[in-house]
Trainee: 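Before I ask anything, let me first share the structure, which is written out below as structure tokens.
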Amino acid sequence: MFSVVNLLVLPSLVIFYTQSEVSVHNPFYCYSNDPIRPRSMFGGIHSIYEISRGQTINANVSTCNPTKFWMAGRHGAILPLAPDVPNISATVARLQSEILLNYDQGRTSLCASDIELIRNWRFDPNITMENAGFLASSGWDEMEALAQRFQIAFPSILSSTYSPNDYFFRSTDLQRTKASLNAFADGLFGVNGHEQVQFEDVPEQDVFMRSNQYCPLYIEINAERVEQNAFQNGPEYQEMTTQVSAKLGFHGSHVLRNSDIAILAQICRFERIWDQNSTSPFCAAFSIANSQVIEYYEDVDLYHRFGYGRPEYRRLYENLMCFQMQDMLRFIQSNDANDHKARIFNGQVNQFMTLLSFRAFDDDAPLTRHNFAQQMQRVWRSSINMPMASNLAVIRYDCDDDDNDVLFLYNELPLQISGCGPNGVCKQSLILERFSHFLNVNCMDVFCTNS
């Protein structure tokens, strides 16, 4: 089995919350007075990259010479998507008024400092339909800093002087992924360094980067949300709904709708990723126990859409990443002197599916509607494994024995791969043999097949 040694190197606080049992709900929890605010560790795919990344890249794991760098990453922190902007602004403004009324009439269990945060909250007027889904300034900073850390670790590969012979940059056709690559380039080449970069054109049908959007079989099987919907209708989620509603003063037949709770959780998360040092008023609605439930609800969805929840379609999910796996394998295999030194890709959360070929984050027991309490130590946690700016980096080290070393890093942490070293280093021959079926196949023929 393949895994990531992330929990071993994260701060002890994260270990405590990710490996503990289900938290006890405290209706009087005061968010604004909590200096730690650990709910940011349960943000799902809208989590802060800084929390889960490795703190030190050890480039000296091999005695050989690092020569090639390949990375597939996700964009940094973003603004709300277009369908969400009007919902967030209208719904949160309505709930803000209702919560303040509930407080004045003694129906909430909010502390005074939390209610003041809610009273003074205003929706950022700079978030409009015109810039919906754009990379946030914090997302730019994430990507820029990521590039700088990789450059410090691998200066012989990632030169601070741009050359199209050395660098290949490719994103999807979205502002947030293009801007993420711009930020990454600035991290490498300095302020406005991206202006000199020749970014690859994005085809109208981008099968390479967004293969799942062009696979009818994948679209068909992922239209279902059976397990996630069942968990939402189950006792844990319904109890969370009642608890959040009561905290905000909505009782009896006036409990909040699921959509209202989803939007409150959404604005809480967005404001956290825009400024991790600030307080987001509507985070006060959720205890740690509530946040665990919401995170699991979303993890069940991702597990079945992007992960191991449909074992009968395992081969399909792996084949969907054929283009990127083939690109990576051919890149580390090639000894062509004209090769780039670095190939850098940026896309969306479906980039995570690349890791399925490595059997990463595969739990012993599947995530289902029935085993929330038993999954507190699960490996499949989007908050840790799929935050904003998450990335897979592959570095080739040239060795004298002609069997090169290959280092695999996920979010700047070593992937532990069966048959490889505990430091994430594999022999090139092992990787090429294990994934040989990707090397010479026509990906257009196989990417949407289940065989």
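Side-chain atoms are counted along with the backbone in the values below, which use heavy atoms only and exclude waters and symmetry mates.
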Trainee: Please report, to 0.1 Å, the donor-acceptor pairs under 3.5 Å made by any side chain of residues 89-101, with sequence neighbours excluded.
Mentor:
unit_1: Ser89; atom_1: OG; unit_2: Val85; atom_2: O; d: 3.2
unit_1: Ser89; atom_1: OG; unit_2: Pro86; atom_2: O; d: 3.1
unit_1: Thr91; atom_1: OG1; unit_2: Asn87; atom_2: O; d: 2.8
unit_1: Arg94; atom_1: NH2; unit_2: Asp260; atom_2: OD1; d: 2.9
unit_1: Gln96; atom_1: NE2; unit_2: Ile118; atom_2: O; d: 2.7
unit_1: Gln96; atom_1: NE2; unit_2: Trp121; atom_2: O; d: 3.0
unit_1: Ser97; atom_1: OG; unit_2: Ala93; atom_2: O; d: 3.4

Trainee: Can you see which heavy atom on Leu439 is nearest to which on Gln326, and at what distance?
Mentor: O-NE2, 3.4 Å
Trainee: Would you check, one step at a time, whether the test ring-ring contact (aromatic ring centres under 6.0 Å, His included) holds for His46 with Phe270?
Mentor: CA-CA 7 Å; His46 292 96; Phe270 271 121; 5.0 Å; yes
Trainee: Between Asn222 and Tyr218 (side chain of the first, backbone of the second, donor and acceptor by atom type, cut-off under 3.5 Å), is there such a pair?
Mentor: yes
Trainee: So, Arg272 side chain and Gln276 main chain: donor-acceptor pair closer than 3.5 Å or not?
Mentor: yes
Trainee: Among residues at least two apart in sequence or on other chains, which ones pass salt bridge (charged side-chain N to carboxylate O under 4.0 Å, His left out) with Asp275?
Mentor: none
Trainee: Can any side-chain N or O of Lys427 pair as donor or acceptor with the backbone N or O of Val406 at less than 3.5 Å?
Mentor: no
Trainee: How about Phe447 and Cys215: do any of their side-chain heavy atoms sit closer than 4.5 Å?
Mentor: yes
Trainee: Which value, rounded to the nearest 0.5 Å, describes the distance between Ile384 atom CD1 and Phe361 atom CZ?
Mentor: 10.0 Å
Trainee: Before giving the answer on side chain to side chain contact (heavy atoms under 4.5 Å, CB included), spell out for Met209 and Gln348 the whole-Å C-alpha distance, their side-chain angles and the decisive distance to 0.1 Å.
Mentor: CA-CA 9 Å; Met209 294 288 288; Gln348 287 87 273; over 6 Å; no
Trainee: Starting at CG of Leu320, measure out to OH of Tyr313 and round the result to the nearest 0.5 Å.
Mentor: 12.5 Å
Trainee: Could you give the distance from CG (Leu407) to CD1 (Ile395), rounded to the nearest 0.5 Å?
Mentor: 4.5 Å
Trainee: How long is the span from the CZ atom in Arg176 to the OG1 atom in Thr172, to the nearest 0.5 Å?
Mentor: 7.0 Å
Trainee: For residues Ser138 and Asp141, is any side-chain donor paired with an opposing acceptor at under 3.5 Å?
Mentor: no
Trainee: Is there a side-chain contact between Leu413 and Arg53 (heavy atoms, below 4.5 Å)?
Mentor: no
Trainee: Might you work through the side-chain hydrogen bond (donor to acceptor under 3.5 Å, both in side chains) test for Asn26 and Ser287, ending with a clear yes or no?
Mentor: CA-CA 6 Å; Asn26 176 9; Ser287 67; over 6 Å; no
Trainee: List the steps and the verdict of side chain to side chain contact (heavy atoms under 4.5 Å, CB included) for Arg378 and Leu367.
Mentor: CA-CA 9 Å; Arg378 64 188 181 276; Leu367 277 64; 3.8 Å; yes
Trainee: Take Arg305 and Glu227, measure what salt bridge (Lys or Arg N to Asp or Glu O under 4.0 Å) needs, and give me the verdict at the end.
Mentor: CA-CA 11 Å; Arg305 281 200 295 139; Glu227 206 65 27; over 6 Å; no
Trainee: Just checking, is any N or O donor in the side chain of Tyr49 or Asn391 under 3.5 Å from an acceptor N or O on the other one?
Mentor: yes
Trainee: Do the side chain of Asn346 and the main chain of Arg74 share a donor and acceptor less than 3.5 angstrom apart?
Mentor: yes
Trainee: When you measure from the side chain of Thr177 to the backbone of Leu174, do you find a donor-acceptor pair of N or O atoms at a distance under 3.5 Å?
Mentor: yes
Trainee: Answer with yes or no whether the side chains of Asp34 and Tyr29 bring together a donor and an acceptor at under 3.5 Å.
Mentor: yes
Trainee: Just checking, Arg369 and Phe231: is the charged tip under 6.0 Å from the six-membered ring centre and within 45° of the axis?
Mentor: no
Trainee: Ignoring hydrogens, what is the shortest heavy-atom contact between Ser280 and Glu271? Give both atom names and the distance.
Mentor: OG-OE1, 2.6 Å
Trainee: Would you check, one step at a time, whether the test side chain to side chain contact (heavy atoms under 4.5 Å, CB included) holds for Phe438 with Gln324?
Mentor: CA-CA 9 Å; Phe438 285 118; Gln324 293 185 34; over 6 Å; no
Trainee: Identify the residue among Phe199, Trp70, Phe331, Phe169 that makes a ring pair (Phe, Tyr, Trp, His ring centres under 6.0 Å) with Phe345.
Mentor: Trp70
Trainee: Begin with the C-alpha distance, continue with both residues' side-chain angles, and end with the deciding distance and a verdict on salt bridge (Lys or Arg N to Asp or Glu O under 4.0 Å) for Asp299 and Arg381.
Mentor: CA-CA 6 Å; Asp299 279 357; Arg381 283 198 64 213; 5.0 Å; no
Trainee: Given 3.5 Å as the limit, does a donor-acceptor pair link the side chain of Gln175 with the main chain of Leu135, or not?
Mentor: yes
Trainee: Look only at the side chain of Thr108 and the backbone of Leu110, and say whether a donor-acceptor pair between them is shorter than 3.5 Å.
Mentor: yes
Trainee: Compute whether any side-chain donor of one residue and acceptor of the other, for Ser390 and Asn411, lie under 3.5 angstrom apart.
Mentor: no
Trainee: Of all heavy-atom pairs between Ala284 and Tyr31, which one has the smallest distance, and what is that distance?
Mentor: CA-CB, 3.7 Å
Trainee: Walk me through it: do Trp274 and Ile127 pass the test side chain to side chain contact (heavy atoms under 4.5 Å, CB included)?
Mentor: CA-CA 12 Å; Trp274 296 334; Ile127 300 172; 3.2 Å; yes
Trainee: Using only heavy-atom distances, determine whether the side chains of Gln375 and Tyr303 contain a donor-acceptor pair under 3.5 Å.
Mentor: no
Trainee: Establish, from distance only, whether the side-chain atoms of Glu318 and Ser357 form a donor-acceptor pair under 3.5 Å.
Mentor: no
Trainee: With the side chain counted from C-beta on, respond yes when Tyr308 and Asp363 share a heavy-atom pair under 4.5 Å apart, and no when they do not.
Mentor: no
Trainee: Just so I know, are the side chains of Asp173 and Arg210 near enough to count as touching, which here means a heavy-atom distance under 4.5 Å?
Mentor: no
Trainee: Quick check: do Leu302 and Trp380 have side-chain heavy atoms less than 4.5 Å from each other?
Mentor: yes
Trainee: How long is the gap from CG on Asp84 to CD1 on Ile263, to the nearest 0.5 Å?
Mentor: 7.5 Å
Trainee: Using distance only, find each side-chain donor-acceptor pair of residues 234-242 under 3.5 Å and give its atom names and separation, not counting sequence neighbours.
Mentor:
unit_1: Gln238; atom_1: NE2; unit_2: Gln232; atom_2: O; d: 2.7
unit_1: Thr241; atom_1: OG1; unit_2: Tyr237; atom_2: O; d: 3.1
unit_1: Thr242; atom_1: OG1; unit_2: Gln238; atom_2: O; d: 3.1

Trainee: Please evaluate residues Asp206 and Arg170 with respect to the criterion salt bridge (Lys or Arg N to Asp or Glu O under 4.0 Å), reporting the C-alpha separation (whole Å), side-chain torsions for both, the decisive distance (0.1 Å), and the verdict.
Mentor: CA-CA 11 Å; Asp206 189 5; Arg170 168 82 150 81; 2.7 Å; yes
Trainee: Under the 3.5 angstrom rule, does the side chain of His75 hit a backbone N or O of Met388 as a donor-acceptor pair?
Mentor: no
Trainee: Once rounded to the nearest 0.5 Å, what's the spacing between atom CD1 of Ile45 and atom CD of Glu295?
Mentor: 12.0 Å
Trainee: How far apart are the C-alpha atoms of Phe435 and Phe358, what are their side-chain angles, what is the distance that settles it, and do they pass the ring-ring contact (aromatic ring centres under 6.0 Å, His included) test?
Mentor: CA-CA 9 Å; Phe435 302 108; Phe358 297 99; 5.2 Å; yes
Trainee: Looking only at side-chain N and O atoms, does Asn319 offer a donor or acceptor that is under 3.5 Å from a partner on Thr449?
Mentor: yes
Trainee: I'd like to know if the side chain of Ser109 reaches the main chain of Pro27, judged simply by a donor and an acceptor atom lying under 3.5 Å from each other, with no hydrogens or angles considered.
Mentor: yes
Trainee: Would you check if the side chain of Ser47 reaches a backbone N or O of Pro387 as a donor-acceptor pair within less than 3.5 Å?
Mentor: no
Trainee: Is it true that Phe306 and Tyr317 have ring centroids separated by less than 6.0 Å?
Mentor: no
